[in-house]
Amino acid sequence: MARRCGVLGDPIAHSLSPVLHQAGYDALGLDWEYAAHRVGSGGLPAFVDGLRQDPTGDWRGLSLTMPLKREAVPLVDELTERARLARAVNTIVLQDDRLLGDNTDIPGAIAAIRERTSAPLASAVIIGGGATATSVGLALADLGVRRLEILARSTERAFEAVETVASHPGRPDVTARRLDELTALEADLVASTIPPEAQDARLVAACSDIPVVFEVTYHPWPTPLAASVGDRVLVGGLDLLVHQAAVQFELFTGAPAPVAAMRAAGERALAERTSP
């Protein structure tokens, strides 16, 4: 049976999710469709209502990006434990007229990091305080991080992220600091969830001694932080996107994700964007 899936957010034109998921469908011979839909803040309830009322019944799943991950929480009928812990939903699965909200950013971040390094991680810094920063923080707590600092434009903005990550069963020590108070950072890993244009020379220099850099952005690439890595370990935004998309793919289709095919399609698409 042909099914429909899609990614929602604003902005959304840059999203590689349609490329990855469609490559997965093609690899498995599935006659499925995955498209991008621009849905801004406040627009998700109407879109979800439309899914519930769609007479064709061919919708199967949604991927959500900014600014919808936290808005989705009260709109679903059921939350997985990781979505409940994160207080954020990046995946909605339609199951027999019910909506299941999940968060694949957490297992996706874990897989992306462990694909690039097996080093023990006890401390980390996260730049940014939104839903993605929260999910990355929970993933790091799963990996054993026990001391975590969140840098955001304001400590008030970071409050929900601090509170949520600190509630992880591992009980990590989570603190927050204003980004404009930035000094040289010391940690096993730094994760940036802020836009490339916000990565100034001062921020890049402050991260220069951290051995593992996790840049969640994949476009434009490389970001200033990613370009500065040199021979340090770099976990890229495409790594995260592929691994979280693979978990979504399996939730939507019930079939193992063809990760290699999905990654190859994403790499080709990014190369085309950056070619002269």
Side-chain angles (χ1 to χ4, degrees), residues 85-86 88 105-218 221-241 243-244:
L85 181 62
D105 283 334
I106 296 173
I110 292 171
I113 291 168
R114 282 303 175 222
E115 182 180 44
R116 300 297 179 187
T117 179
S118 60
L121 302 171
S123 61
V125 174
I126 297 178
I127 303 169
T132 300
T134 302
S135 296
V136 170
L138 291 170
L140 290 168
D142 276 351
L143 288 171
V145 169
R146 292 296 171 261
R147 181 172 60 84
L148 198 149
E149 183 175 38
I150 295 175
L151 303 178
R153 289 196 300 269
S154 69
T155 52
E156 293 79 12
R157 174 176 170 77
F159 176 78
E160 184 171 359
V162 170
E163 184 181 53
T164 301
V165 177
S167 72
H168 184 277
R171 299 302 177 192
D173 177 20
V174 187
T175 58
R177 188 162 35 130
R178 288 168 54 95
L179 192 54
D180 60 11
E181 298 172 352
L182 187 65
T183 56
L185 300 172
E186 294 183 6
D188 297 323
L189 177 147
V190 59
S192 174
T193 68
I194 63 174
E197 56 269 23
Q199 298 179 8
D200 58 20
R202 182 164 166 256
L203 182 146
V204 171
C207 299
S208 61
D209 291 330
I210 299 180
V212 180
V213 175
F214 185 5
E215 172 56 82
V216 307
T217 297
Y218 60 85
W221 188 263
T223 65
L225 185 59
S228 74
V229 167
D231 59 0
R232 293 178 289 159
V233 174
L234 175 62
V235 184
L238 184 60
D239 298 328
L240 173 60
L241 186 67
H243 284 292
Q244 69 82 24

With a 3.5 Å distance limit and no angle check, can you tell me whether [X] reaches the backbone of [Y] through a side-chain donor-acceptor pair?
{"X": "S123", "Y": "D188", "value": "yes"}
{"X": "S167", "Y": "T164", "value": "yes"}
{"X": "S118", "Y": "R114", "value": "no"}

Applying salt bridge (charged side-chain N to carboxylate O under 4.0 Å, His left out) to E186 and not counting sequence neighbours gives none
Roughly how far apart are [X] [atom1] and [Y] [atom2], rounded to 0.5 Å?
{"X": "I106", "Y": "L140", "atom1": "CD1", "atom2": "CG", "result": "10.5 Å"}
{"X": "I150", "Y": "F159", "atom1": "CD1", "atom2": "CZ", "result": "11.5 Å"}
{"X": "T217", "Y": "L240", "atom1": "OG1", "atom2": "CG", "result": "9.5 Å"}
{"X": "L189", "Y": "I126", "atom1": "CG", "atom2": "CD1", "result": "8.5 Å"}

Considering only heavy atoms from C-beta outward, does the side chain of T134 approach that of V165 to under 4.5 Å?
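Touching, per the 4.5 Å side-chain cut-off.
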Residue pair L234 / R116, side-chain heavy-atom distance below 4.5 Å:
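Sidechains of R116 and L234: no contact.
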Considering non-hydrogen atoms only, spot the tightest contact between [X] and [Y] and give its length.
{"X": "V162", "Y": "A176", "result": "CG2-CB, 3.7 Å"}
{"X": "G236", "Y": "W221", "result": "CA-CH2, 3.9 Å"}
{"X": "G129", "Y": "A152", "result": "N-CB, 4.2 Å"}

A112: partners by side-chain contact (heavy atoms from CB on, under 4.5 Å), with sequence neighbours left out:
V235, D239, H243
What residues, two or more places apart in sequence or in another chain, satisfy side-chain contact (heavy atoms from CB on, under 4.5 Å) together with A131?
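So A131 forms a side-chain contact (heavy atoms from CB on, under 4.5 Å) with K69, R70, A88.
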Output every pair passing salt bridge (Lys or Arg N to Asp or Glu O under 4.0 Å) with a member in residues 162-176, not counting sequence neighbours, ordered by first then second residue.
R87-E163
Any pair counted as salt bridge (Lys or Arg N to Asp or Glu O under 4.0 Å), so long as it reaches residues 140-149, sequence neighbours left out
E149-R177
Should D105 and V216 be marked as a side-chain contact (heavy atoms from CB on, under 4.5 Å) after you check the CA-CA gap, both sets of side-chain angles, and the distance that decides it?
CA-CA 10 Å; D105 283 334; V216 307; over 6 Å; no
Distance-only criterion, 3.5 Å: show the donor-acceptor pairs between side-chain atoms of residues 198-213 and protein atoms not counting sequence neighbours.
from: Q199; atom 1: OE1; to: T223; atom 2: OG1; distance (Å): 3.4
from: Q199; atom 1: OE1; to: L225; atom 2: N; distance (Å): 2.9
from: Q199; atom 1: NE2; to: S192; atom 2: OG; distance (Å): 3.2
from: Q199; atom 1: NE2; to: E215; atom 2: OE1; distance (Å): 2.7
from: D200; atom 1: OD1; to: R202; atom 2: N; distance (Å): 3.3
from: D200; atom 1: OD1; to: L203; atom 2: N; distance (Å): 2.9
from: R202; atom 1: NH2; to: D180; atom 2: O; distance (Å): 3.3
from: R202; atom 1: NH2; to: L182; atom 2: O; distance (Å): 2.7
from: S208; atom 1: OG; to: A205; atom 2: O; distance (Å): 2.8

